[in-house]
4 protein chains.
Amino acid sequence: MRFHIQPTSSRPVYLQIVDQVKRDIALGLLLEGERLPTVRETAATLAINPNTIAKAYRQMEQEGIIVTRSGAGASVAPLESGLNKSVKKRILTEQLQRVIVDAFHMDVDQETLTQWFSQLLVQFNLKEPSDV
Amino acid sequence: MRFHIQPTSSRPVYLQIVDQVKRDIALGLLLEGERLPTVRETAATLAINPNTIAKAYRQMEQEGIIVTRSGAGASVAPLESGLNKSVKKRILTEQLQRVIVDAFHMDVDQETLTQWFSQLLVQFNLKEPSDV
Amino acid sequence: MRFHIQPTSSRPVYLQIVDQVKRDIALGLLLEGERLPTVRETAATLAINPNTIAKAYRQMEQEGIIVTRSGAGASVAPLESGLNKSVKKRILTEQLQRVIVDAFHMDVDQETLTQWFSQLLVQFNLKEPSDV
Amino acid sequence: MRFHIQPTSSRPVYLQIVDQVKRDIALGLLLEGERLPTVRETAATLAINPNTIAKAYRQMEQEGIIVTRSGAGASVAPLESGLNKSVKKRILTEQLQRVIVDAFHMDVDQETLTQWFSQLLVQFNLKEPSDV
DNA sequence: GTGGTCTAGACCACC
DNA sequence: GTGGTCTAGACCACA
């Protein structure tokens, strides 16, 4: 696994790492049980403070995305979400609404936005074993 | 215009205000040229520090959402986005991707997500060109 | 609120703080909505690094014990536990079992242990308004 | 004796082993003088680093739970606790208090907690003096 | 070797 | 003023 960090981004470095791990899992590039690079290794590769990487890992652990066994590295946890459906809907529609509103203010029409949305869905659907 | 603020939300107060103005414009509830409540009026109503409201207004002015004439308050600016299309696409697909990845980790399937997306589009479609 | 830290304890400082806040809430000494001392203030009083205090606060926030509004300090959150009952039972009986086993190995008989348990319950029951 | 280890638990593996030995002794499943499996045997069965098992045994020896005679393996020591009563009380009430506070924050009422406590006591009472 | 804790000190976002 | 992020570096617990 290779991370790509933009130090100038307003998004904190540790969240950029979280984003990328979550994306790669969703894309099927990282499979359940697969090991992530160690904190020190990642810190060295990216020339970033180990504490920052550790923070990203801690965050993912608490979100249930990965499991870390102290002294034995971190690996991808099985998919499991304890949230009930109404909460999920609230969170996701809130995010989607923000995108739609932004699109409006950028003068992007709904067809175009829907098209981009669909293209992304296709990308993230490739991970279904039988579909490939 | 009435704002609804959740002080405990992780989303900063000033961005909650920006969100709501942008949403109401996109919904056609706020029309071009319409005036927004003054900073001090809003601050009093919401019992929030005026600096916070001022920051929200400054942010919206920068984004070209509103225009403020000193002494005459703020009003909704005409829709206009100077960004070029590839930039728009990058910004919006980045946001959409994050939603899709989050949906995956919440174990929400693509059909459900697409349905929620479509429902939102309908809501924001009511105020089409001919309505203005 | 005054904290009492034992730097020599094997229990990490940040957890000692969490323990004390949770205990004081359970005792009714800290009420819902009440503000906690600021991170910097606490750090100065205890002569402990602010990051350590911040970590304790972050931990409590994620446990839902307190809410922090950036720029406006932290306060006690309303009591709410999203766990379902079987999970609660598993967690608590696991802890209780460990105490009982330890008591056995210390040669403390069950009557004595039960007595200590009851005395503690009484202490933590005083917080019911009408009982006082 | 068969150990059951959850590698993903936040409780260290070596302590899980200690927990289980102490519990089985308290339950009367392991009697004084009875021999424990060897370090290397256990390590092989559980597919765990022998150092981890050795650490668990060292810990139990220090606590006076078991005695190890070099070359002759480990066996259960006679029950004996050198602590004075006030120390025992301090240690155990500290643990009990933590359970009670946790129960409060999980919104588990005192009746329920007391019931769980009593049920556990019954389990651990089956192996009373006369049974040995 | 792994990750976890704590310190010290800088800078930023928010109110 | 508040808390959040990041860096740098020490020490410890765990496997």
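Proteins come first, then strands; the chains are lettered A, B, ... in the order of their sequence lines, and each starts at number 1.
D:Tyr57 and D:Ile66 make their closest contact through O-CD1, 3.7 Å (heavy atoms, listed as atom of the first residue, atom of the second, distance). In terms of heavy-atom proximity, A:Leu79 sits nearest to A:Glu32 at N-OE1, 4.4 Å. Nearest heavy atom pair, residue C:Ile48 against residue C:Thr52, reads CG2-CB, 3.8 Å.
With E:dC15, F:dT7, E:dG3 as the choices, the nucleotide that has an atom nearest any side-chain atom of A:Thr38 turns out to be E:dG3. Taking the side chain of C:Asn51 as heavy atoms from C-beta on, and the options E:dT7, E:dC15, F:dG9, the nearest nucleotide is E:dT7. Set against E:dC14, E:dG3, F:dT7, the side chain of A:Ile48 has F:dT7 as its closest nucleotide. Taking the side chain of B:Pro12 as heavy atoms from C-beta on, and the options E:dC14, F:dG3, F:dT7, the nearest nucleotide is E:dC14. In this structure, the nucleotide among E:dT7, F:dA15, F:dG3 sitting nearest to the side chain of C:Thr68 is F:dG3.
With a 3.5 Å ceiling on both atom-pair distances, the Watson-Crick or G-U wobble partner of F:dC14 is E:dG1.
Residue-level contact check: C:Arg58 touches neither bases nor backbone, having no heavy atom under 4.0 Å from any strand. Contacts of A:Arg40 with the nucleic acid, taken as non-hydrogen atoms under 4.0 Å apart, include base atoms. Counting non-hydrogen atoms under 4.0 angstrom, C:Tyr14 reaches the backbone sugars and phosphates but no base.
Nearest-nucleotide mapping onto DNA chain F: of A:Arg69 and A:Lys55, the residue sitting toward the 5' end is A:Lys55. Comparing A:Gly73 and C:Pro50 against DNA chain E, the residue whose closest nucleotide sits nearer the 5' end is A:Gly73. Projected onto DNA chain F by closest heavy-atom contact, A:Leu15 and C:Arg35 fall at different nucleotides, the more 5' of which corresponds to C:Arg35.
At the phosphate of E:dT7, OP1 or OP2 sits under 4.0 Å from a side-chain N or O atom of C:Thr52.
The CD1-C1' distance, from C:Ile17 to E:dT5, rounds to 13 Å in whole Å. The separation between D:Gln16 atom CD and F:dC14 atom P is 12 Å, rounded to whole Å. One interatomic measurement links the two molecules: CD of A:Gln59 to C1' of F:dG4, which rounds to 12 Å at whole-angstrom precision. Protein atom CG of C:Asn49 is 19 Å distant from nucleotide atom P of E:dG4, rounded to whole Å. To the nearest angstrom, P of F:dG4 lies 7 Å from CD of C:Glu61. Atom CD of C:Gln6 is separated from atom P of E:dC6 by 14 Å (rounded to the nearest Å). Distance, A:Leu36 CG to E:dT2 P: 14 Å, rounded to whole Å. In this entry the distance linking CZ of A:Arg11 with C1' of F:dC6 reads 16 Å, nearest Å.
Checking B:Gln20 against B:Gln16 by side-chain atom types alone, no donor-acceptor pair falls below 3.5 Å.
Rounding to the nearest 0.5 angstrom, the gap separating the OG1 atom in C:Thr68 from the CE atom in C:Met60 is 10.0 Å.
At distances below 3.5 Å, at least one donor-acceptor pair connects side-chain atoms of D:Lys88 with backbone N or O atoms of C:Met106.
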